[in-house]
Amino acid sequence: MKGAYEYFVIVLLGFTFVLVGFSMVELTLNYNQARLYQETIVSLIERNNRFDASVIDLIAKSDQKCPQCTYAVVADEDKFLVKVQFKINIIVLAYSRVGEIKTYTQSIL
């Protein structure tokens, strides 16, 4: 009977850690997708030396999409601050937050 209890504990903890591992892989994939989306936005702004309606259209038409991401661009002196928000969700731990990545473009003259 002792072996059945030990087996149950090992299986329970094992499955829990496997599910947490899958959640971490999903989190890493979401972060990488958000980062790629951010780099696409930054490169479009830097290539056009501005951020206006035409650049917004280019971002919308871009091949790099992030369905769960939202972005905001804020002018800061001669640079732009690009913020991309993405979902962080670890179901096993009932943890849900919104992550944010921020970066500046190069100086736009």
Side-chain angles (χ1 to χ4, degrees):
M1 202 51 132
K2 179 181 170 189
Y5 290 119
E6 291 173 354
Y7 180 74
F8 174 75
V9 170
I10 289 172
V11 168
L12 180 69
L13 291 176
F15 283 146
T16 302
F17 285 119
V18 166
L19 291 175
V20 169
F22 285 144
S23 295
M24 292 299 141
V25 169
E26 180 186 9
L27 174 64
T28 303
L29 290 173
N30 287 343
Y31 173 77
N32 288 338
Q33 190 175 18
R35 188 71 179 182
L36 182 61
Y37 188 55
Q38 178 191 36
E39 291 297 325
T40 302
I41 294 168
V42 168
S43 68
L44 288 171
I45 292 171
E46 289 176 350
R47 184 172 40 182
N48 292 295
N49 288 329
R50 65 183 185 278
F51 181 73
D52 57 3
S54 64
V55 176
I56 293 172
D57 286 341
L58 288 173
I59 293 169
K61 293 176 185 176
S62 172
D63 292 337
Q64 298 300 327
K65 302 283 185 194
C66 184
Q68 75 273 6
C69 299
T70 57
Y71 76 93
V73 178
V74 179
D76 185 21
E77 295 180 15
D78 61 341
K79 299 177 183 178
F80 289 99
L81 176 63
V82 179
K83 300 177 188 178
V84 175
Q85 294 182 336
F86 63 99
K87 294 179 184 177
I88 298 172
N89 193 15
I90 303 173
I91 296 171
V92 176
L93 302 176
Y95 182 81
S96 181
R97 295 281 189 265
V98 175
E100 185 177 59
I101 308 169
K102 300 178 188 178
T103 191
Y104 281 98
T105 62
Q106 293 180 358
S107 294
I108 308 292
L109 301 176

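Residues: numbered from 1 along the sequence shown.
Scanning all heavy atoms of the two residues, the minimum distance from Ser107 to Asp78 falls at OG-OD2, 3.1 Å. Listed here is the closest heavy atom pair of Ile90 and Ser23: CG2-CB, 3.8 Å. Between Lys79 and Tyr104 the shortest heavy-atom distance is CB-CD2, 4.1 Å.
Rounded to the nearest 0.5 angstrom, Leu19 CG and Met24 CE are separated by 11.5 Å. Going from atom NZ of Lys87 over to atom CG of Asn89 covers 8.5 Å, rounded to the nearest 0.5 Å. To the nearest 0.5 angstrom, Phe17 atom CZ is 10.0 Å from Leu12 atom CG. Distance check: Thr40 OG1 to Ile45 CD1 gives 11.0 Å after rounding to the nearest 0.5 Å. Here the straight-line distance linking atom CD1 of Ile10 with atom OH of Tyr5 works out to 15.0 Å at 0.5 Å rounding. Separation of atoms OG (Ser62) and CG (Asp57) is listed at 12.5 Å; rounding is to 0.5 Å.
Within the 3.5 Å criterion, the main-chain N or O of Glu46 finds no donor-acceptor partner in the side chain of Thr105.
With hydrophobic clusters built from ILVMFWY side chains whose heavy atoms lie under 4.5 angstrom apart, Phe86 does not share a cluster with Tyr71. If you chain together hydrophobic residues whose side chains sit under 4.5 Å apart, Val98 and Tyr37 never meet in one group.
Just one residue in the list Ile59, Val82, Leu44 forms a side chain to side chain contact (heavy atoms under 4.5 Å, CB included) with Phe51, and that residue is Ile59. For the side chain to side chain contact (heavy atoms under 4.5 Å, CB included) test with Tyr31, the passing option among Leu36, Ile88, Ile101 is Ile101; the others fail.
Side-chain N/O atoms of Gln68 and Gln33 include a donor and acceptor closer than 3.5 Å.
Residue pairs satisfying the side chain to side chain donor-acceptor pair (under 3.5 Å) criterion with at least one member in residues 92-103, sequence neighbours excluded, are listed as follows: Gln85-Glu100. Listed by first then second residue, pairs satisfying disulfide (SG to SG under 2.5 Å) with a partner in residues 24-98 read Cys66-Cys69, not counting sequence neighbours.
Around the CD1 atom of Ile91, the shell of radius 6.0 Å holds no more than 12 heavy atoms that belong to other residues, nucleotides or ligands.
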